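Notes for the one structure printed next.
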Amino acid sequence: MKKLWDFGWDMYRKHEEGINYLIFGFLAFVLNYILYFAFADTMQMHYMAATVLSWVLTVVFAYWTNRSFVFKSQNKDRQSIWKEFVSFIGARVATEVLEVALMYLLVDCAGVNDKVSKLICQTLVILANYVLSKLWIFKSKKDPGSIEGGE
């Protein structure tokens, strides 16, 4: 049993970022649905308002979890954190627009089933969000004037 645990722990450490991205992405997905139904059913909000509000809150949750647990951002000053946050929101808006456009192309133009299209689009959006977060938003910044590691 210990060998299995050691193997699992070694695999987690080797792929920690990707595994954490999937875990927190799944939690964001669940949170989005819970918030949507809470707003739409419990609070009797219009479905569009419930959709937008649940999306906004979920993106804020996703930013916090990506920053803290997935990419472990080292930015500490307000300006860097604000830039990171705005970049994250911009990327999420862009991938949402991408999803809507791809859904239109697949469903309305190509006649692909909407459920299959949603699966394809969500897969592409998840990959795009990861790449944008990794290469643009939370990339490690090694700036020569930085005092990282020594105060």
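Excluded from the calculations below are hydrogen atoms, water molecules and symmetry mates; all remaining heavy atoms, backbone and side chain alike, are included. We number each residue from 1, following the sequence as shown. Quick caveat, the model's predicted, so the values are computed rather than measured.
Remark: the backbone N or O of F39 is not paired with any side-chain donor or acceptor of T42 at under 3.5 angstrom. A donor-acceptor contact shorter than 3.5 Å is absent between the side chain of Y21 and the backbone of V70. In this structure, N66 contributes its side chain and A62 its backbone to a donor-acceptor pair below 3.5 Å. Under the 3.5 Å distance criterion, the side-chain polar atoms of Q122 are left unmatched by any main-chain donor or acceptor of I120.
Nearest heavy atoms, L106 versus C121: CD1-SG, 3.9 Å. The minimum heavy-atom distance between E84 and N75, with the atom names listed, is OE2-ND2, 2.9 Å. When all heavy atoms are compared, the tightest approach of S73 to K76 is O-NZ, 4.5 Å.
Looking at L124 and L102, their side chains come closer than 4.5 Å, going by heavy atoms from C-beta outward. Looking at T65 and L27, their side chains never come closer than 4.5 Å, going by heavy atoms from C-beta outward. In this structure, Y63 and R92 have side chains that are not in contact, with every pair of non-hydrogen atoms separated by 4.5 Å or more. In this structure, the side chains of K118 and D114 stay at 4.5 Å or more apart for every pair of heavy atoms. Residues K134 and E17 form a side-chain contact, since some pair of their non-hydrogen atoms from C-beta on lies under 4.5 Å apart. Side-chain atoms of W136 and F88, non-hydrogen and from C-beta on, never get closer than 4.5 Å to each other. Taking the side chain as every heavy atom from C-beta outward, F29 and T58 never approach each other to under 4.5 Å. Looking at heavy atoms from C-beta onward, V56 lies out of side-chain contact with F61 at the 4.5 angstrom threshold.
For E99 and Y104, the side-chain atoms include no donor-acceptor pair closer than 3.5 Å. Counting only N and O atoms by type, the side chains of D77 and S80 include a donor and acceptor under 3.5 Å apart.
Hydrophobic clustering keeps Y130 apart from L135 (ILVMFWY residues linked when any side-chain heavy atoms are closer than 4.5 Å, directly or through intermediates). Both F69 and I81 belong to a common hydrophobic cluster when Ile, Leu, Val, Met, Phe, Trp and Tyr are linked at side-chain heavy-atom distances under 4.5 angstrom. Cluster membership check: F37 does not share its hydrophobic cluster with V52, using side-chain heavy-atom separations under 4.5 Å among Ile, Leu, Val, Met, Phe, Trp and Tyr. Both V59 and L31 are members of a single hydrophobic cluster when ILVMFWY side chains are connected at heavy-atom separations under 4.5 Å.
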Next on the checklist: I'd like to know whether W64 forms a side chain to side chain contact (heavy atoms under 4.5 Å, CB included) with F85, so could you lay out the CA-CA distance, the side-chain angles of the two residues, the decisive distance to 0.1 Å, and finally the verdict.
Outcome noted: CA-CA 9 Å; W64 173 68; F85 179 72; over 6 Å; no
